[in-house]
2 protein chains.
Amino acid sequence: MATKQRGRPRSFDRETALEQALRTFWEHGYEGTSVSDLTRVMGIGAPSLYAAFGDKRTLFDEVVVRYGVTHGAFGGRAFDEEPTARRGVARLLREAAAEFTDPDHPRGCLVITAATNCTTPEVEESLRERRNANVADIESRIAAAVATGELPADTDPAALARFTAAVFQGMSQQARDGATREDLEAVADLAMSAWPEGSVAENGD
Amino acid sequence: MATKQRGRPRSFDRETALEQALRTFWEHGYEGTSVSDLTRVMGIGAPSLYAAFGDKRTLFDEVVVRYGVTHGAFGGRAFDEEPTARRGVARLLREAAAEFTDPDHPRGCLVITAATNCTTPEVEESLRERRNANVADIESRIAAAVATGELPADTDPAALARFTAAVFQGMSQQARDGATREDLEAVADLAMSAWPEGSVAENGD
DNA sequence: CTCTTTCTCTAGTGGTCGCTACAGAAAGAA
DNA sequence: TTCTTTCTGTAGCGACCACTAGAGAAAGAG
């Protein structure tokens, strides 16, 4: 591995430029963001962008990965760190309410909004697969909770996961439409009241 | 009013062409649909389109109005024809499950999906206002139900309306991502179980 | 028939899209 | 210094965008 690079050094910070691209794609979506938009917010010329990130689609793919391990990582953390499926989902939705309305970055979820009406089918498909993978993750987490008896045996994991995902995606849309954090927290709480063994006392942090 | 028109008659049916434009906007969104896409599916040339419908934005506005009184009219009907707010919302969500997955037309809701990442701010704003007006409608319906004692006095109409809208919009997204009618009906039923005075027996049609 | 009106068709407008050829600039290597 | 490597800036590529000028076609009015 070459620690010393040979030619002319890059005149910009790659991570910073990538984050700027992420914000722009997040705000305006894949097709709503032009390469000249990107070069402007990244502060570089088009040839530098293509040399550092490949073409627009490759850059977007990298942006999506980055989003998944940064702004969008709270979902995975909620499930990893909470002891029960119920608490995991409750935290997922509560944190989504805060994240989707954080004034420090664009509203809603990039994976949900950035490729909705996309002329490039591969891009739309890639985000759709990511969303459906998230639904499947939630479902398997719920199914595991049913298996251990944490949730009632008559619980339908697929339906409950689909419901959770729908609320999550609806919250993203609501955030885009101007809902406040408090608005979305109320939505999250109402969603949790639809869960089985829905004792109000359990959500106690 | 001139029943007899003077010049060369139009070579296409305006309503049919409008419906074709509606389907295309519904499927691919405002910016994802080009004027040449429209002329192709409508079976007419560009000058005919501009003469009959104005520019692309004007045509889209007319499409949105048409959607509201045709495919998207079930929401208003649900509230007009059901005796209680709860039954109105339950019917809204059940019919949305069917409508959003109907194989006879594109999936999901045009008002929700057709201008998500839109470069033209007026178009995005116009649909956003329409969505927020729907939330306000649901809220006032719920507030009226609280006032008459139909719903408990401690019900938060704004929160319950926002929750309903989020589920509705999430169902549209889920339909786009491949959920079946049965999937969405399960989501609708779960959403209704979050409602106050949530007796399972009430939904009896 | 001719005249007027309205639509349709061909062909093209200027503008923006994603992307790149090419020459020069800035670094290490020799 | 000179050579090689890599990045940067200008300038422009063909393709598509929304949109339209202008000529001809199809109807009623006279």
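All chains are named by letter (A, B, ...) in the order of the sequence lines, taking the proteins before the strands, and each is independently numbered beginning at 1. This is a predicted model, so every value here is computed, not measured.
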Inset, instruction - Under 4.0 Å between any heavy atoms, over every strand shown, what does A:Thr39 touch: base, sugar-phosphate, or nothing? Just pick one. - result: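 Here A:Thr39 touches no strand at all.
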
Inset, instruction - Specify the residues of residues 117-129 of chain A, ordered by number, for which at least one heavy atom lies under 4.0 angstrom from an atom of DNA chain C. - result: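 Heavy-atom cutoff 4.0 Å gives no residues at all.
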
Cut-off 3.5 Å, no hydrogens considered: what does the side-chain donor-acceptor table look like for residues 165-172 of chain B, sequence neighbours left out?
unit_1, atom_1, unit_2, atom_2, d
B:Gln169, OE1, A:Gln174, NE2, 2.9
B:Ser172, OG, B:Cys109, N, 3.0

Inset, instruction - Would you jot down, in residue-number order, the residues of residues 17-29 of chain A having a non-hydrogen atom under 4.0 Å from DNA chain D? - result: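 Nothing qualifies; none.
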
Legend entry - Residue mapping more 5' on DNA chain D - nearest nucleotide basis, B:Asp37 or A:Leu49: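 It is A:Leu49, whose closest nucleotide lies nearer the 5' terminus.
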
Filtered N/O pairs between nucleotides 23-30 of chain D and protein, under 3.5 Å:
unit_1, atom_1, unit_2, atom_2, d
D:dA25, N3, B:Arg8, NH1, 3.3
D:dG28, O4', B:Arg6, O, 3.4
D:dA29, O4', B:Arg6, NH1, 2.8

Inset, instruction - Check whether NZ of the Lys or CZ of the Arg A:Arg14 lies under 6.0 Å from the centre of the six-membered ring of A:Phe12 and within 45 degrees of that ring's axis. - result: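 No - A:Arg14 does not lie over the ring of A:Phe12 by the 6.0 Å and 45° rule.
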
Inset, instruction - Cation-pi check, B:Lys56 to B:Tyr50: give yes when NZ or CZ is under 6.0 Å from the six-membered ring centre and within 45° of the ring axis, no otherwise. - result: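 That pair does not qualify as a cation-pi contact.
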
Inset, instruction - Go through the side-chain N and O atoms of A:Asp37 and A:Ser34 and say whether any donor and acceptor fall under 3.5 Å apart. - result: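 Side-chain D/A pair, A:Asp37 to A:Ser34: present.
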
Legend entry - A:His105 and A:Glu99 side chains, donor-acceptor separation under 3.5 Å: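 A donor-acceptor contact under 3.5 Å links the two side chains.
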
Inset, instruction - For the pair B:Arg23 and B:Glu27, find out whether any cationic side-chain nitrogen is under 4.0 Å from an anionic carboxylate oxygen. - result: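 Looking at B:Arg23 and B:Glu27, the cut-off is not met.
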
Inset, instruction - In plain terms, say whether A:Asp80 and A:Arg77 are close enough for a salt bridge, that is, a side-chain N and a carboxylate O under 4.0 Å apart. - result: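 A:Arg77 and A:Asp80: not salt-bridged.
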
Inset, instruction - Can you tell me which residue pairs pass the ring pair (Phe, Tyr, Trp, His ring centres under 6.0 Å) test with a partner in residues 111-142 of chain B, sequence neighbours excluded? - result: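 Every candidate ring pair (Phe, Tyr, Trp, His ring centres under 6.0 Å) pair involving residues 111-142 of chain B fails, so no pair, neighbours aside, qualifies.
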
Ignoring backbone atoms, establish whether [X] has a side-chain N or O less than 4.0 Å from OP1 or OP2 of [N].
X	N	result
B:Ser11	C:dC7	no
A:Ser36	C:dG18	no
B:Ser48	C:dC7	no

Legend entry - Interatomic spacing from CZ in B:Phe25 to CZ in B:Arg66 - rounded to 0.5 Å: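 That separation rounds to 13.5 Å.
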
Under 3.5 Å, which N/O atoms of the protein pair with N/O atoms of nucleotides 19-22 of chain D?
unit_1, atom_1, unit_2, atom_2, d
D:dC19, OP2, B:Tyr50, OH, 3.0
D:dC19, OP2, B:Lys56, N, 2.9
D:dC19, O5', B:Tyr50, OH, 3.3

